[in-house]
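Let me begin by presenting the structure, written as structure tokens, before commenting on it.
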Amino acid sequence: MIIDTKAIEHRLAEQRYEGVLAFEPGAAPRPAVIVYPSFVGRTDREIEIARRLTGLGYAGYAADPYGEARIGRTTEECMGLMQPLLDDRAGLRARLLASLDAVRAQPEVDASRIAVIGYCFGGLCALDFARSGADIKGAASFHGLFTPLPEALRGPISARIIAFHGWDDPMCPPETALALASELSAAGADWQLHAYGGTMHAFTNRNANDPARGTVYNPVADARSWAALEDFLAECLA
């Protein structure tokens, strides 16, 4: 399969956002999977994930959550980019929905069949898509943050939800996973939680190797979660 990519620009409140769409040239419109990144911002890693999803028969879109394709170079820079969005979930939701509109407008995309996946901070973004009542088919969180969305911003959840979670993740201890389960059950959502024992935060990131911070790559959990994602997307986007 030949896979091509193109930059997709859209604007929100005078801010420019630059995502990257991966697609098969000449193919009929495909279901799309939006990929939201970790707190670093949209990097080549997310573009490669988008390309991998295209190889599965979708159109993959690597989203730019910060605008201007900004990337944090240090932990401090990354936190400086992410924290304002964690503090303003309404503003974050506006950015999420703007990226959804941008993807829907692409001729390579079947606008009626869209799912969202995300990693770390991006996992929270995927969950917030579903929590806000956005018209998507599925939301998948990989080692995501589980901080609940303020009640005033919640909508009826129609998307199916799956969360891939390291049980030893110090950023989301077991009680936060149980709280997420209670939240989604109370909302009447169709949800799954895949928890991996002996697994920390960032378990899909091959460069994660900092046990002191709780960020460690786990190849077994990485492979298991991706296999489960493939089944989940096939179900949601059939």
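In terms of modelled atom types and a separation under 3.5 Å, the side chain of R95 and the main chain of G67 share no donor-acceptor contact. Under the 3.5 Å distance criterion, the side-chain polar atoms of Y58 are left unmatched by any main-chain donor or acceptor of I34. In terms of modelled atom types and a separation under 3.5 Å, the side chain of T54 and the main chain of G60 share a donor-acceptor contact. In terms of modelled atom types and a separation under 3.5 Å, the side chain of D64 and the main chain of A69 share a donor-acceptor contact. Remark: side-chain polar atoms of Q106 are not paired, donor with acceptor, to backbone N or O of V103 under 3.5 angstrom.
Here the closest heavy-atom approach between residue G57 and residue R30 is recorded as O-CD, 3.1 Å. Of all the heavy atoms in P29 and P107, the pair that sits closest is CG-O, 3.6 Å. Closest approach of S141 and G123 over heavy atoms only: OG-CA, 3.5 Å. Between A189 and I157 the shortest heavy-atom distance is CB-CG2, 3.9 Å. Among all heavy-atom pairs drawn from A221 and N218, the shortest one is N-OD1, 3.0 Å. Contact record, L92 with C125: CD1-SG, 4.1 Å, taken as the closest heavy-atom pair.
To the nearest 0.5 Å, the span separating CG on L100 from CG on D135 amounts to 7.5 Å. Distance CD/Q15 to CZ/R70: 5.0 Å, rounded to 0.5 Å. Here CG of D44 is found 11.0 Å from CD1 of I49. Values are rounded to the nearest 0.5 Å. Between the CG atom in L184 and the CZ atom in R131 there is a gap of 6.5 Å [rounded to 0.5 Å]. Remark: I3 CD1 to R52 CZ distance equals 11.5 Å, nearest 0.5 Å.
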Quick one: side chains of residues 76-86, donor-acceptor pairs under 3.5 Å with protein atoms, not counting sequence neighbours, listed by atom name and distance.
residue: E77; atom: OE1; partner: R73; partner atom: N; Å: 2.7
residue: Q83; atom: NE2; partner: D87; partner atom: OD1; Å: 3.0

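Y17 belongs to a hydrophobic cluster with L12, counting contacts under 4.5 Å between side-chain heavy atoms of Ile, Leu, Val, Met, Phe, Trp and Tyr, direct or through other members. Apart from L149 itself, the hydrophobic cluster it occupies contains L153, where clustering links Ile, Leu, Val, Met, Phe, Trp and Tyr at side-chain heavy-atom distances under 4.5 Å. With a 4.5 Å cut-off between side-chain heavy atoms of Ile, Leu, Val, Met, Phe, Trp and Tyr, the cluster of Y217 takes in none.
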Step-by-step side-chain hydrogen bond (donor to acceptor under 3.5 Å, both in side chains) determination, S132 to R89:
CA-CA 10 Å; S132 67; R89 298 288 277 279; over 6 Å; no
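For residues 174-211, the set of pairs meeting the ring pair (Phe, Tyr, Trp, His ring centres under 6.0 Å) definition, not counting sequence neighbours, comprises H143-H201, H143-F203, F164-H194, Y196-F203.
Hydrophobic cluster membership is shared by Y61 and V116, with clusters built from Ile, Leu, Val, Met, Phe, Trp and Tyr side chains linked at under 4.5 angstrom.
The side chain to side chain contact (heavy atoms under 4.5 Å, CB included) check on R160 picks up D190, F232, E235, C236, with sequence neighbours excluded.
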